[in-house]
Amino acid sequence: MKMITLDTSKAAQFLKAGAVEAFEPQVKAAQQALENGTCPGNDFLGWLHLPSSITPEFIAELQACADVLRENCEAIVVAGIGGSYLGARAVIEALSNSFTWLLGDTKNPTILFAGNNIGEDYLAELTDYLKDKKFGVINISKSGTTTETALTFRLLKRQCEEQRGKEMARKVIVAVTDAKRGAARTCADKEGYTSFIIPDNVGGRFSVLTPVGLLPIACAGFDIARLVGGAQDMEKACGIDTPFAENIAAQYAAVRNALYQEAGKKIEILVNYQPKLHFMSEWWKQLYGESEGKDNKGIFPASCDFTTDLHSMGQWIQEGERTIFETVLSVEQPNRTMLFPHDEENLDGLNFLAGKRVDEVNKMAELGTRLAHVDGGVPNLRVVMPELNEYYLGQLIYFFEIACGISGNLLGVNPFNQPGVEAYKKNMFALLNKPGYEAESKAIQERLAGE
């Protein structure tokens, strides 16, 4: 099987000669700290060798649960937020037909995502949609008290029980949660739900290859063994003993940090030319933003879907402030073939494209844009996937994860915590008069009164 490749040549040219190679000792030390468990956040390194620890028996256990849901549900709602849903959604959206909603697919259940917002209209519309559906729920929450997900699960649990009865609800509601603690664990044990464990040493944004991601992906009908296989091969390819020049994760971490530290590039735009990869970018943004954005440091992760966003963001990227670089995610071979048609009248002047594959036009748009952006002062890295399938998505996921761990260590931050995320929650709970937040509530009211 082929492997994902990385081209850094159009980024390294913006650095002094030897700048990337100069990072080799730091990168090796950063990766060694991960391996030795001596880095900050070392109690959250369970993802590091997770792919190679997944057994065929565990895959079979997940698949058996997925089969029960698939056999008994027209729709399955994945309730979770952040890392509890983005990875699964990224893979499912990448592999699904773009028009699944309109096809009336009777083979596979519709996979829905909720618990990732507090939109009243969204939740009302979701529950309306489910009123005449045989649906199930995968509730993904380590604590069971995350506001967005807990609120959604309350609504869905009640609706499922009312529509399908307690016995069937018990069969089609699955909990992915902590092994022993938390409201979600207590509920799962009390109701008798099938449950899977979120490992204590794996943070949410690194949890795609746990039941958090694997179970929903299996429910959607995709091959999770193949996904894990891709991750396992990338784990080997990016191992501690792989030479720096051959380790694409080490190279990616080195180049992006060299651009940040030495060339003043503060923003990384993950660009794709395959619309199915939109949610892969969303997952990547959380992975890098939540891991690196600490201590007033960190590259800001942004994303664009090209060529679509060239018509809205292209001008800024080409001629705006030169604090950006791009990482282009390219799929070498599409899964379908479509030729550009000939038109006798040729009113649009595009007959010069007649007979060419649409993907060839897309690839020339990609190449032309990369050349223009490099000429405009935007360094470009290019990650190439041979095809869009489970195996290469597994590779891509682990590549970004290990590179993120190395990169966070290079920055000198703890890549595995997220203390800043708690600030808004404290304010929200105080404003909602949650018990235990009386002092914070009083302080906020006094502050608001003075503004």
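All values derive from a computational prediction rather than experimental measurement.
Note on Lys157 versus Glu191: salt bridge recorded, some NZ/NE/NH1/NH2 to OD/OE distance being below 4.0 Å. We find that Glu366 and Lys363 are not joined by a salt bridge, their nearest charged nitrogen and carboxylate oxygen being 4.0 Å or further apart.
In this structure a side-chain-to-backbone donor-acceptor pair under 3.5 Å is present from Ser143 to Thr145. Side-chain atoms of Gln274 come within 3.5 Å of backbone atoms of Lys276 as a donor-acceptor pair (strictly under, hydrogens ignored). With Ser195 contributing its side chain and Ala175 its backbone, the two residues share no donor-acceptor pair below 3.5 Å. Between the Ser291 side chain and the Pro415 main chain, a donor and an acceptor come within less than 3.5 Å of each other. Side-chain N or O atoms of Gln31 include one that pairs as donor or acceptor with a backbone N or O of Cys238 at under 3.5 Å. Counting only distance, with no hydrogens or angles, the side chain of Arg205 and the backbone of Gly83 share no donor-acceptor pair below 3.5 Å. Ser84 places no side-chain N or O within donor-acceptor distance of the main-chain N or O of Ser141, the cut-off being under 3.5 Å. No side-chain donor-acceptor contact under 3.5 Å links Gln395 to the backbone of Met234. Under a 3.5 Å cut-off, the side chain of Asn201 and the backbone N or O of Phe44 do not form any donor-acceptor pair. For Lys265 (side chain) and Gln261 (main-chain N/O), no donor-acceptor pair under 3.5 Å exists by modelled atom type.
With sequence neighbours excluded, the residues that form a ring-ring contact (aromatic ring centres under 6.0 Å, His included) with Tyr288 are Trp284. Under the ring-ring contact (aromatic ring centres under 6.0 Å, His included) criterion, Phe325 pairs with no residue at all, not counting sequence neighbours. Scored by the ring-ring contact (aromatic ring centres under 6.0 Å, His included) test, Phe429 finds Tyr437 as partners (sequence neighbours excluded). For Phe399, the ring-ring contact (aromatic ring centres under 6.0 Å, His included) partners are Tyr252, not counting sequence neighbours. Annotation: side-chain contact (heavy atoms from CB on, under 4.5 Å) contacts of Asp305 (sequence neighbours excluded): Asn272, His278, Asp309.
We find the CG-CZ distance between Asn362 and Phe306 to be 12.0 Å, quoted to the nearest 0.5 Å. With rounding to the nearest 0.5 angstrom, the CG atom of Asn139 is 9.0 Å from the OG1 atom of Thr152. The distance from atom OG of Ser330 to atom CG of Leu277, rounded to the nearest 0.5 Å, is 9.5 Å. In this structure, the separation between CG on Asn409 and OG1 on Thr38 is 8.0 Å, given to the nearest 0.5 Å.
In Arg322, the CZ atom is crowded: over 12 heavy atoms of neighbouring residues, nucleotides or ligands sit closer than 6.0 Å. Around NZ of Lys297, the count of heavy atoms belonging to other residues, nucleotides or ligands within 6.0 Å exceeds 12. Other residues, nucleotides and ligands contribute more than 12 heavy atoms inside 6.0 Å of the NZ atom of Lys266.
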Could you give me the CA-CA distance, side-chain angles and deciding distance for Ile248 and Thr5, then say whether side chain to side chain contact (heavy atoms under 4.5 Å, CB included) is met? CA-CA 7 Å; Ile248 63 171; Thr5 59; 5.9 Å; no
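Side-chain contact check for Tyr392 versus Met3: every heavy-atom pair is 4.5 Å or farther apart. The shortest side-chain heavy-atom distance between Val255 and Leu381 falls under the 4.5 Å cut-off. Proximity of Leu86 to Phe113: side-chain heavy atoms (C-beta onward) are nowhere separated by under 4.5 Å. Here the side chains of Leu126 and Leu156 are in contact, with some heavy-atom distance below 4.5 Å.
Relative orientation of the Trp47 and Phe416 rings is tilted, given thresholds of 30° and 60° on the angle between their planes.
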Using distance only, find each side-chain donor-acceptor pair of residues 9-28 under 3.5 Å and give its atom names and separation, not counting sequence neighbours.
residue, atom, partner, partner atom, Å
Ser9, OG, Asp7, OD1, 2.8
Glu24, OE2, Lys28, NZ, 3.1

